[in-house]
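Only one structure is covered here, and it is reproduced in the block below.
The residues of the chain are indexed from 1 along the displayed sequence.
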Amino acid sequence: MKLVSATANPHKYKEMQQILSGKIEILPRPPEIPEIVEDAPDLLGNATLKALGVMEATGMPAIADDTGLEVEVLNGEPGVLSARYAGPDARSEDNIKKLLVELTNVPLVRRGARFRTVIVVLWPDETSVTAEGIVFGKIALSPVGNLGFGYDSIFLPSEIPGKTFGEISDSEKNRISHRGRALKEIAKLLLLAP
């Protein structure tokens with residue numbers, strides 16, 4: 001089975017390839033496809049917009065995800081705005097800085113958070129399959145580690161105490177991450193489909 005990736009993020013594309021390797025072939029998003037506006041109110045809506053845009057542009061089934069970091073004391077923020085938390089052209093460093101400022105004086109014990117990924121696979125006949133993956137953890141007091149991307153250097157997953165996603169290998173991260181869990185679930189659904 002071949003799916004076109006809707007992501008323009010090379011880190012996400014690499015993760016998708018690693019996790020689905022040997023199961024489903026993920027083709028890169030064609031560079032001529034313009035940026036897709038992500039203006040839905042939730043992760044499922046944004047993932048669907050991206051899958052639809054790429055599927056219509058290529059005529060092939062597309063796979064898209066949207067991911068949010070949801071912090072308990074911030075009522076689930078940054079959530080659907082995670083990639084644009086510090087503004088429309090924000091870099092990861094800007095988003096991290098803003099989040100850490102928001103959490104100033106909040107002790108580690110109260111920094112509960114979760115990463116949530118929603119994945120949509122959409123076919124040209126507009127049938128679709130969706131899956132969700134969640135990983136729980138805390139927001140570190142400051143960035144640690146230079147592996148991964150996005151908020152990885154400040155997310156302490158519960159399953160690997162004392163280390164951020166920015167400190168662990170791709171294989172360790174893919175085993176427990178939100179995206180890893182969502183992709184494994186989508187693979188299961190696709191490979192069971194008639």
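Using a 4.0 Å cut-off between charged nitrogen and carboxylate oxygen, Arg114 and Glu132 do not count as a salt-bridge pair. A salt bridge does not link Glu15 with Lys12: none of the charged nitrogens is closer than 4.0 Å to a carboxylate oxygen. Checked for salt-bridge contact, Lys14 and Asp170 meet the test: a charged N lies under 4.0 Å from a carboxylate O.
Looking only at distances, a side-chain donor or acceptor of Arg111 sits under 3.5 Å from a matching main-chain atom of Ala140. Although no hydrogens or angles enter the test, the distance criterion places a donor-acceptor pair under 3.5 Å between the side chain of Thr164 and the main chain of Val144. In terms of modelled atom types and a separation under 3.5 Å, the side chain of Lys138 and the main chain of Pro157 share no donor-acceptor contact. At distances below 3.5 Å, at least one donor-acceptor pair connects side-chain atoms of Arg181 with backbone N or O atoms of Ile134. Between the side chain of Asp152 and the main chain of Phe149, a donor-acceptor pair closer than 3.5 Å is present. With Asn95 contributing its side chain and Ala86 its backbone, the two residues share a donor-acceptor pair below 3.5 Å. Without hydrogens or angle criteria, Ser158 side chain to Phe136 main chain gives a donor-acceptor distance under 3.5 Å. Checked by atom type and distance alone, the side chain of Lys2 never pairs as donor or acceptor with a backbone atom of Met60 at under 3.5 Å.
Closest non-hydrogen pair, Ala64 versus Ala51, comes out as CB-N, 3.5 Å. Closest heavy-atom contact between Gly59 and Pro124: O-CG, 3.3 Å. Taking all atoms of both residues into account, the shortest heavy-atom contact from Gly53 to Ile36 is CA-CD1, 3.9 Å. Of all non-hydrogen atoms in Ala182 and Ile119, the two that sit nearest each other are CB-CD1, 3.7 Å. Of all heavy-atom pairs spanning Ala6 and Lys50, the tightest one is CB-O, 3.7 Å.
A side-chain contact (heavy atoms from CB on, under 4.5 Å) with Asp66 holds for exactly one of Thr7, Leu44, Asn46; it is Asn46.
Through chains of ILVMFWY side-chain contacts below 4.5 Å, Leu99 is grouped with Leu69, Val71, Val73, Leu74, Tyr85, Ile96, Leu100, Leu103, Val106, Phe115, Val135, Ile139, Tyr151, Ile154, Phe155, Ile160, Phe165, Ile168, Ile176. If you chain together ILVMFWY residues whose side-chain heavy atoms come under 4.5 Å of each other, Val109 ends up in a group of its own.
Follow the hydrophobic side-chain contacts under 4.5 Å out from Ile24 and you never reach Leu27; the two are in separate clusters. Under the 4.5 Å side-chain heavy-atom criterion for grouping Ile, Leu, Val, Met, Phe, Trp and Tyr, Val54 is not connected to Met16 through any hydrophobic cluster.
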ask   = So Leu49 and Val37, side chain to side chain contact (heavy atoms under 4.5 Å, CB included) or not? Walk me through it.
value = CA-CA 8 Å; Leu49 286 172; Val37 177; over 6 Å; no
query = Step by step, would you call Asp94 with Lys97 a salt bridge (charged side-chain N to carboxylate O under 4.0 Å, His left out)?
reply = CA-CA 5 Å; Asp94 304 323; Lys97 186 175 179 182; over 6 Å; no
task = For Val4 and Ile63, run side chain to side chain contact (heavy atoms under 4.5 Å, CB included): C-alpha distance rounded to whole Å, both residues' side-chain angles, the deciding distance at 0.1 Å, then the answer.
result = CA-CA 6 Å; Val4 181; Ile63 183 169; over 6 Å; no
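Counted within 6.0 Å of CZ on Arg110, heavy atoms from surrounding residues, nucleotides or ligands total 12 or fewer; the atom is thus considered open. Summarising the local packing, CG of Asp89 is surrounded by 12 or fewer heavy atoms from other residues, nucleotides or ligands at distances under 6.0 Å. Within a 6.0 Å sphere centred on NZ of Lys184, heavy atoms belonging to other residues, nucleotides or ligands number more than 12. Heavy atoms from other residues, nucleotides or ligands lying under 6.0 Å from NZ of Lys163 number 12 at most.
One side chain, Thr67 or Asp65, offers a donor N or O that lies under 3.5 Å from an acceptor on the other.
One distance of note links CD of Gln18 with CD1 of Ile26; it measures 12.5 Å at 0.5 Å rounding.
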